[in-house]
Protein chains: 2
Amino acid sequence: MEGHNTKLSKQRELVLQIVRSTKMHPTAEDVYYKAKKTMPRISMGTVYRNLRLLSKMGRIKEINFPDSPTRFDGDMRDHYHIRCSECGRIEDISHFSPRAAVDEIEKLTMYQIHTVHIKYEGICPECQKKSKIS
Amino acid sequence: MEGHNTKLSKQRELVLQIVRSTKMHPTAEDVYYKAKKTMPRISMGTVYRNLRLLSKMGRIKEINFPDSPTRFDGDMRDHYHIRCSECGRIEDISHFSPRAAVDEIEKLTMYQIHTVHIKYEGICPECQKKSKIS
DNA sequence: TTAATAATAGGAACTATTACTAATTTACTC
DNA sequence: GAGTAAATTAGTAATAGTTCCTATTATTAA
Ligand SMILES: [Mn+2]
Ligand SMILES: [Mn+2]
Ligand SMILES: [Zn+2]
Ligand SMILES: [Zn+2]
C-alpha cells in the first residue's frame with residue numbers, strides 16, 4: 001500500500017511520525033530515544049533501517065554535515081540548511097535559491113557565516129557512455 | 001617554523017607533498033599507500049594526524065561527500081567539486097561562484113547534474129551572544 | 001650535547017552505521 | 001477467522017573510518 005515490497009509496520013509508522021513532528025532535524029539516536037517512549041522494545045537497527053527506507057521512498061530527507069552524524073528532516077519542501085559551528089544546531093533557510101548571496105542570508109538568519117559548502121553530483125561523461133552501452 | 005607547536009617531521013613533509021602532487025583528491029588510505037612506497041614504516045595514525053593538522057594549518061583542504069571517506073585536496077585555490085555518483089570520481093570546477101547556474105556547469109563539465117548540495121556554516125545569534133560575554 | 005618537547009609506530013578503542021538471523025508481524029486469500 | 005508467504009523485527013555481531021593511547025624516537029633550541 002505504501003511502495004513496492006513494503007509492509008506498514010507500527011515501527012515504521014512511528015519513526016515517520018517522529019521525524020515529521022519536529023523541526024529539530026533529529027539524528028538516528030534522537031529518533032530512537034523518542035521512539036522508545038512509545039515502543040520501549042524498538043531496536044536501533046529498526047530505526048536505522050526505516051530512516052534509510054523512508055529516505056529512499058522520498059518521505060523524509062537526509063542532512064549530512066561533515067564530522068557529525070546524519071540528521072533527518074520530515075519537511076520535504078525545498079529548502080537549505082545552516083549549521084552553527086559552535087552549538088551544532090541546524091536551522092532551515094526557507095526556499096533559498098543557489099544564487100542567494102551570503103550577505104543576504106546573514107541578514108535573514110543573523111548568523112555570522114564563515115563557510116559555504118557547495119557540491120554538485122551527477123554522472124560523468126565516461127559513465128554516461130557506459131550506461132548507453134549496457 | 002611552520003606553525004605554533006609543530007616540528008617538521010619527514011612524515012609530515014611526505015604527506016603534504018603527496019597531497020600536493022596529485023589532482024586525484026586522495027583519501028587518507030590513498031595517501032597512506034603512496035607514503036609507504038617512500039617510507040615503508042609510516043603508520044595510518046601518522047597519516048591521519050598529519051592530514052588533520054595540515055588541514056587545520058590551512059595547507060590542504062578536506063572534501064566531504066556523504067557516504068564516502070574524506071578526501072583531501074592540495075590545491076588551495078578557490079574552487080568547488082563535482083562527484084560522479086556512478087564511479088565516485090571527484091573533479092574540480094575551476095573558480096566557480098555560488099551564483100553559477102547548474103546548466104552552465106553541465107555545459108562546462110559534460111556531467112548530467114542531478115543533485116546540488118548547498119550548506120552554510122556560521123555562528124548562530126545565541127552563540128554570538130555567548131562569546132561576547134565570555 | 002643535552003634537555004625539553006613534539007612526533008612516531010602500532011595497536012586498541014570508538015562511533016556511526018550496516019549486516020545477519022531466528023522469531024514475529026503483516027497483508028492476502030479463502 | 002485460519003492459513004500462508006513474504007516482509008519486518010529485536011538483538012547482536014560486524015564493519016569502516018577515524019581517533020586515541022603509550023612507550024619509543026626524532027626534532028629543535030640552548
Ligand atoms: Mn529542514
Ligand atoms: Mn580540487
Ligand atoms: Zn550556536
Ligand atoms: Zn563516472
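In what follows, chains carry the letters A, B, and so on, assigned in the order in which the sequence lines appear, proteins first and then strands, with residues in each chain numbered from 1. The figures that follow rest on heavy atoms only: side chains count, while hydrogens, waters and symmetry mates do not.
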K.L.:
Which nucleotides of nucleotides 12-23 of chain C have their base under 4.0 Å from a protein heavy atom (B), which only their sugar-phosphate (S), and which neither (-), written as one string 5' to 3'?
P.N.:
----SBB-----
K.L.:
Please tell me whether B:His25 and B:His81 form a close aromatic pair, meaning their ring centres lie under 6.0 Å apart.
P.N.:
yes
K.L.:
Between atom NZ in B:Lys10 and atom P in D:dT27, what is the gap in whole Å?
P.N.:
7 Å
K.L.:
Looking only at the side chain of B:Arg12 (C-beta and beyond, no hydrogens), which of the listed nucleotides C:dA9, C:dA7, D:dA6 gets closest?
P.N.:
C:dA7
K.L.:
Rounded to whole Å, please give me the gap between CD1 in B:Ile63 and P in D:dG17.
P.N.:
16 Å
K.L.:
Ring of B:Phe72, cation from B:Lys61 - is the NZ or CZ under 6.0 Å from the centre and inside 45° of the axis?
P.N.:
no
K.L.:
Rounding to a whole Å, what distance do you find between B:Lys36:NZ and C:dG10:P?
P.N.:
8 Å
K.L.:
Among C:dT26, D:dG11, D:dT8, find the nucleotide with the atom closest to the side chain of A:Arg41.
P.N.:
D:dG11
K.L.:
Identify, with sequence neighbours excluded, every residue that meets side-chain hydrogen bond (donor to acceptor under 3.5 Å, both in side chains) alongside B:Lys7.
P.N.:
none
K.L.:
Check the distance between C:dT24's C1' and A:Ile42's CD1 and give it to me in whole angstrom.
P.N.:
15 Å
K.L.:
Under the side-chain contact (heavy atoms from CB on, under 4.5 Å) rule, collect the residues that match up with A:Arg20, sequence neighbours excluded.
P.N.:
A:Leu16, A:Arg59
K.L.:
Looking at the base of D:dA26, is there any donor atom on it, or on the side chain of B:Lys7, that sits under 3.5 Å from an acceptor on the other one?
P.N.:
no
K.L.:
Using whole Å, report how far CG of B:Asp30 lies from P of D:dT18.
P.N.:
11 Å
K.L.:
In terms of side-chain geometry, is the basic nitrogen of B:Glu62 or B:Arg52 positioned less than 4.0 Å from the acidic oxygen of its partner?
P.N.:
no
K.L.:
Looking at B:Ser43, I'd like to know whether one of its side-chain N or O atoms comes within less than 4.0 Å of OP1 or OP2 on C:dG10.
P.N.:
no
K.L.:
Could you give the CE-to-C1' distance, from B:Met39 to C:dA9, as a whole number of Å?
P.N.:
10 Å
K.L.:
Please report the distance, rounded to the nearest Å, between CG in B:Leu8 and P in C:dA7.
P.N.:
10 Å
K.L.:
Could you tell me whether A:Glu126 and B:Arg89 have a side-chain N and a carboxylate O separated by less than 4.0 Å?
P.N.:
yes
K.L.:
What integer distance in Å separates A:Asn50:CG from C:dT25:C1'?
P.N.:
13 Å
K.L.:
Specify the residue among B:Thr27 and A:Thr46 whose closest nucleotide of DNA chain D lies further upstream toward the 5′ end.
P.N.:
A:Thr46
K.L.:
Any side-chain donor paired with an acceptor under 3.5 Å for A:Tyr111 and B:Glu121?
P.N.:
no
K.L.:
Respond yes when some side-chain nitrogen or oxygen of A:Gln11 is under 4.0 Å from OP1 or OP2 of C:dT25, and no when none is.
P.N.:
no
